[in-house]
Structure formats: structure tokens, C-alpha cells
Amino acid sequence: MPAFTRTVFYADVELTVNFFATRPVPARLYGPPEDCYPAEGGEIELDTIYLGEWAISSLLAPAVIAHIQTELEKSLSELFEEDPYEPE
């Protein structure tokens with residue numbers, strides 16, 4: 001799984017999050033049955049959450065962790081977008 005670092009805000013507090021994520025692959029639900037498949041990937045595994053230079057992952061309530069996870073999931077497709085200027 002590739003590693004990422006992103007900034008997430010919780011109650012106007014800026015947190016830096018290190019995490020791992022897999023590329024989301026959307027389901028294909030049309031066409032012949034042999035060409036259809038379910039959605040895959042899109043999993044996020046939180047590694048460390050920082051407040052400034054302080055690692056605070058173990059101090060956070062489950063609701064805060066869930067909020068951070070949700071915010072990261074919203075931007076997951078952006079993490080894996082291909083560079084439009086990258087040669088094929």
C-alpha cells in the first residue's frame with residue numbers, strides 16, 4: 001500500500017495524518033455478466049496523527065478517528081489521479 005501524508009482539520013485544529021491507502025476501482029455493473037465486477041480497493045489505514053510535532057494518535061477519541069477517516073476517504077480518488085502531463 002502506498003503511503004501518504006495529508007492535512008485534516010477537526011474543530012478548526014490542523015492535524016497532519018500519515019496513512020496508507022489502496023487505489024479505488026469502481027464497480028462495473030453494466031454490459032455482459034462476464035465483463036462485470038464489484039468495486040475494489042479504497043481502503044485507508046491510519047498510521048500516525050500529528051498535532052504540530054506531537055504524535056497524538058493514541059490520545060484521540062474514536063469519533064475523532066472516524067471523522068479523520070471520513071475526510072480522507074472523501075479525497076481518496078484525488079490521491080490516485082494520474083498526472084495529465086505524464087507520458088503514457
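This chain uses plain numbering: 1 for the first residue, then up along the sequence.
The shortest non-hydrogen separation linking Ala39 to Ala27 is N-CB, 3.4 Å.
The side chain to side chain donor-acceptor pair (under 3.5 Å) pairs that include a residue from residues 4-18 are Thr5-Asn18, where partners are two or more places apart or lie in different chains. Here salt bridge (Lys or Arg N to Asp or Glu O under 4.0 Å) pairs that include residues 54-65, with residues two or more places apart or in two chains, number zero.
Here Leu79 contributes atom CG and Thr22 contributes atom OG1; the two are 10.5 Å apart, rounded to the nearest 0.5 Å.
Residues forming a side chain to side chain contact (heavy atoms under 4.5 Å, CB included) with Pro33 (at least two apart in sequence, or on another chain): none. In this view, Glu45 and Met1, Phe20 satisfy the side chain to side chain contact (heavy atoms under 4.5 Å, CB included) rule, not counting sequence neighbours. Taking Phe4 as the reference, Phe19, Phe80 meet the ring pair (Phe, Tyr, Trp, His ring centres under 6.0 Å) condition, with sequence neighbours excluded.
Transitive grouping of hydrophobic side chains (ILVMFWY, heavy atoms separated by less than 4.5 Å) keeps Tyr50 and Leu46 in distinct clusters.
When side chains are defined from C-beta on, Pro24 counts as touching Leu76, because their heavy atoms get closer than 4.5 Å.
Hydrophobic clustering, defined by side-chain heavy atoms of Ile, Leu, Val, Met, Phe, Trp and Tyr closer than 4.5 Å, groups Val25 together with Tyr37.
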What pairs of donor and acceptor atoms, side-chain ones from residues 53-72 against any protein atom, are under 3.5 angstrom apart with sequence neighbours left out?
residue, atom, partner, partner atom, Å
Ser57, OG, Ile49, N, 2.7
His67, NE2, Phe9, O, 3.3
Gln69, NE2, Ile44, O, 3.1
Thr70, OG1, Ala66, O, 2.9
Glu71, OE2, Lys74, NZ, 3.1

